[in-house]
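Proteins come first, then strands; the chains are lettered A, B, ... in the order of their sequence lines, and each starts at number 1. Note that the structure is predicted; figures quoted are calculated from it, not measured.
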Protein chains: 2
Amino acid sequence: MTDTDAIEGRRDRKKRETRQRLIDAAATLFATTGFAETTTVDIAESADVAQRTLFRHFATKEALLYGDMDDLRIALRAALESRPGDEPVLEVVRQAVLSLADDHQRNADRRLLQARLAAAVPSVSAYSRAVVQASWEREIINAVALRLDTDPIADPRPEIIAGAAMSALRVAIRQWTTGGGRADFVELADGALSAIADLTSPGAGSTDH
Amino acid sequence: MTDTDAIEGRRDRKKRETRQRLIDAAATLFATTGFAETTTVDIAESADVAQRTLFRHFATKEALLYGDMDDLRIALRAALESRPGDEPVLEVVRQAVLSLADDHQRNADRRLLQARLAAAVPSVSAYSRAVVQASWEREIINAVALRLDTDPIADPRPEIIAGAAMSALRVAIRQWTTGGGRADFVELADGALSAIADLTSPGAGSTDH
DNA sequence: CATCGTAATGTCAGTGACTGACATGAGTCA
DNA sequence: TGACTCATGTCAGTCACTGACATTACGATG
């Protein structure tokens with residue numbers, strides 16, 4: 001189905017399982033005991049591995065909380081690449097953001113935990129912004145630059161479009177989190193994204209109080 | 001001149017001086033020895049205080065590197081508030097970003113050091129994005145919301161405009177840093193900011209490869 | 001199936017950021 | 001001068017994270 005299933009042997013499977021046990025153990029402990037209150041030794045013991053093994057799988061405690069985010073970034077990239085080449089850029093970005101909506105609905109508990117900890121713990125907030133969201137932003141920048149046939153280093157437009165999109169996404173995530181994950185993420189995202197389109201067509205950049 | 005000079009006594013002055021000595025000692029050591037290679041004990045000794053005193057002034061090692069950024073945020077706010085009420089929002093944001101340009105030209109060495117460390121050290125990058133830049137972004141969001149007479153929590157437009165502006169600012173800072181601080185920051189910022197205006201008038205959000 | 005190389009994990013002993021508790025001394029104010 | 005406050009010093013501790021080395025489990029190869 002994907003491209004990473006090149007006949008996985010027992011060794012690779014065990015490694016992947018250990019990694020997943022660590023992620024799940026961490027999420028459970030963070031949810032019940034709190035982020036700061038949970039030590040990496042606690043998590044390692046709960047996953048039945050040595051602390052050293054934990055740090056071979058994850059560089060930081062924060063990375064452990066967001067351990068399942070690589071899949072999400074890959075899904076985002078896939079969504080960006082799957083759109084027809086002549087589709088308007090904003091629509092491509094919209095579809096990409098909506099691919100994240102799907103995930104949030106399916107993994108609501110985990111995403112809510114991450115969002116709540118990001119709101120409460122500075123180091124988690126920093127990781128979320130500077131690592132997780134920045135990686136999404138880079139995917140969008142590259143995809144937009146490709147479609148505009150431009151150099152994302154010299155031309156600021158891809159980065160600006162991506163920045164606006166990420167802000168819309170953050171608004172949607174915040175509203176979704178505030179509502180306890182009960183609201184329809186697609187609606188929220190569409191609402192925020194439409195504000196970008198409003199900027200690009202009417203003169204919303206001028207006075208209108 | 002400002003509003004924080006409510007007759008500063010000797011005690012407050014000494015506290016401020018200690019804080020400044022820590023900032024300068026840290027910058028010097030970071031520049032000569034490297035960020036990771038410099039310990040907080042080194043910095044404290046270089047500033048002739050106890051390590052405990054360092055951590056009473058700054059919560060983290062990263063905060064120490066960006067210890068002079070509060071002034072910058074205050075300047076940004078002042079720039080946002082000083083613009084006439086009927087000025088177009090994008091022009092207000094432009095003036096605010098340009099107020100940061102002034103500072104970068106004046107404190108080029110310090111800003112280059114911060115930018116270079118942010119590019120090289122993950123924890124510094126995270127702090128820069130999630131603390132420093134996020135605080136600027138909040139200032140812009142609030143100012144834009146005020147001018148659009150809208151609620152920045154419910155209405156996504158202020159946050160999206162601020163997100164686009166922050167992306168433009170990041171592009172300008174990156175280009176300025178890449179050029180060793182020799183380029184004209186105002187030109188770079190104007191170049192990046194004009195890409196926002198391009199989005200709001202012509203149909204740059206559609207196909208145009 | 002025995003063997004050998006390799007990759008994952010365990011063990012152990014650090015380093016260094018950061019914190020709480022308590023002591024001290026300088027600055028301020030009556 | 002004397003009481004009071006607040007910045008700082010001292011000290012001991014916790015915990016995230018790392019390097020070095022030993023060990024065990026896989027997997028390929030004869």
Side-chain angles (χ1 to χ4, degrees), chain A residues 4-23 25-27 29-30 33-67 117 120-127 130-131, chain B residues 4-23 25-26 29-30 33-67 117 121-127 130-131:
Chain A
T4 47
D5 50 11
I7 39 163
E8 180 187 62
R10 189 187 329 223
R11 183 185 278 172
D12 292 323
R13 177 170 51 77
K14 282 199 168 183
K15 186 177 178 182
R16 192 170 43 76
E17 285 170 354
T18 297
R19 183 188 154 87
Q20 193 58 50
R21 275 208 317 282
L22 283 166
I23 293 174
L29 288 172
F30 290 158
T33 318
F35 186 82
E37 292 73 18
T38 304
T39 72
T40 55
V41 175
D42 292 340
I43 299 167
E45 280 178 355
S46 171
D48 199 32
V49 292
Q51 186 196 28
R52 194 66 180 87
T53 299
L54 183 157
F55 281 111
R56 286 210 181 85
H57 281 271
F58 301 95
T60 66
K61 205 173 157 185
E62 288 77 26
L64 196 47
L65 174 61
Y66 287 98
L117 289 180
V121 184
S123 71
V124 175
S125 162
Y127 188 91
V131 180
Chain B
T4 47
D5 52 10
I7 40 165
E8 180 188 60
R10 190 186 330 228
R11 184 185 277 168
D12 290 324
R13 178 170 51 78
K14 283 201 168 184
K15 186 177 179 182
R16 192 170 44 74
E17 285 170 354
T18 297
R19 183 188 154 88
Q20 194 58 49
R21 276 207 317 285
L22 283 165
I23 293 174
L29 289 171
F30 290 159
T33 319
F35 185 82
E37 291 73 19
T38 305
T39 72
T40 55
V41 174
D42 292 339
I43 299 168
E45 280 178 355
S46 172
D48 199 32
V49 293
Q51 186 195 30
R52 194 64 180 87
T53 300
L54 183 157
F55 282 112
R56 284 210 181 85
H57 281 272
F58 301 95
T60 66
K61 204 174 159 185
E62 289 75 28
L64 196 48
L65 174 62
Y66 288 98
L117 290 180
V121 184
S123 71
V124 175
S125 161
Y127 188 90
V131 180

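- Atom CD of B/Glu45 and atom P of D/dT10 are 11 Å apart (whole Å).
- Annotation: proximity of residues 57-65 of chain B to DNA chain C (heavy atom, distance under 4.0 Å) is found for B/Ala59, B/Thr60, B/Lys61, numbered in ascending order.
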Checklist entry - Given the rule in the side-chain contact (heavy atoms from CB on, under 4.5 Å) test, do B/Tyr127 and B/Thr60 qualify, once you have shown the distances and angles that lead to the verdict? => result CA-CA 10 Å; B/Tyr127 188 90; B/Thr60 66; 4.1 Å; yes
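- Rounded to an integer number of Å, the gap from CG of A/Leu29 to P of D/dA16 is 12 Å.
- Shown here are the ring-ring contact (aromatic ring centres under 6.0 Å, His included) partners of A/Phe58, two or more places apart in sequence or in another chain: there are none.
- A/Ser123 is linked by a side chain to side chain donor-acceptor pair (under 3.5 Å) to A/Glu62, counting only residues two or more places apart in sequence or in another chain.
- Going from atom CD of B/Gln51 over to atom C1' of D/dG9 covers 12 Å, rounded to whole Å.
- To the nearest angstrom, P of D/dA16 lies 14 Å from CG of A/Leu22.
- Taking only side-chain atoms of B/Arg10, from C-beta outward, the nucleotide of C/dT28, C/dT11, C/dA17 with the closest atom is C/dT28.
- Near DNA chain D, defined here as any heavy-atom distance below 4.0 Å, the residues from residues 33-40 of chain A are A/Thr38, A/Thr39, A/Thr40, listed numerically.
- Atom-to-atom distance recorded for A/Arg10:CZ and A/Glu17:CD is 11.0 Å, nearest 0.5 angstrom.
- Considering only residues two or more places apart in sequence or on other chains, A/Arg16 meets the side chain to side chain contact (heavy atoms under 4.5 Å, CB included) condition with A/Glu8, A/Arg13.
- A donor-acceptor distance shorter than 3.5 angstrom exists from the side chain of A/Thr38 to the backbone of A/Gly34, with no hydrogens or angles considered.
- Taking B/Phe55 as the reference, nothing meets the ring-ring contact (aromatic ring centres under 6.0 Å, His included) condition, with sequence neighbours excluded.
- Separating the CG atom of A/Leu54 from the C1' atom of C/dT9 is a distance of 13 Å, rounded to the nearest angstrom.
- Nearest approach of A/Ala44 to A/Leu54, heavy atoms of both residues: N-CD1, 4.0 Å.
- For A/Thr53, the listed nucleotide lying nearest its side chain is C/dG10; candidates were C/dA7, D/dA16, C/dG10.
- Applying the side chain to side chain donor-acceptor pair (under 3.5 Å) criterion to B/Asp12, with sequence neighbours excluded, gives no partner residue.
- Here the closest non-hydrogen pair linking A/Ala47 and A/Leu22 is CB-CD2, 3.7 Å.
- Here CD1 of A/Ile43 is found 6.5 Å from NZ of A/Lys61. Values are rounded to the nearest 0.5 Å.
- Straight-line distance from the CG atom of A/Asp48 to the P atom of C/dG10: 8 Å, rounded to whole Å.
- A heavy atom lying under 4.0 Å from DNA chain C marks the following residues of residues 13-21 of chain A, by number: A/Lys15, A/Thr18.
- Applying the side chain to side chain donor-acceptor pair (under 3.5 Å) test to residues at least two apart or on different chains, the pairs with a partner in residues 47-56 of chain A are A/Thr40-A/Gln51.
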List every contact pair, protein side and nucleotides 20-24 of chain D side both N or O, where the distance is under 3.5 Å.
none

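- Taking five base pairs at each end of the helix from C/dC1-D/dG30 to C/dA26-D/dT5, the local helix axes there meet at an angle of 20°, rounded to 10°.
- For A/Arg11 against C/dT9, no side-chain N or O and base N or O form a donor-acceptor pair under 3.5 Å.
- The side chain to side chain donor-acceptor pair (under 3.5 Å) test applied to B/Ser46 returns no partner, not counting sequence neighbours.
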Checklist entry - Where do A/Arg21 and A/Val49 land on the side-chain contact (heavy atoms from CB on, under 4.5 Å) test, with the steps shown first? => result CA-CA 9 Å; A/Arg21 275 208 317 282; A/Val49 292; 3.8 Å; yes
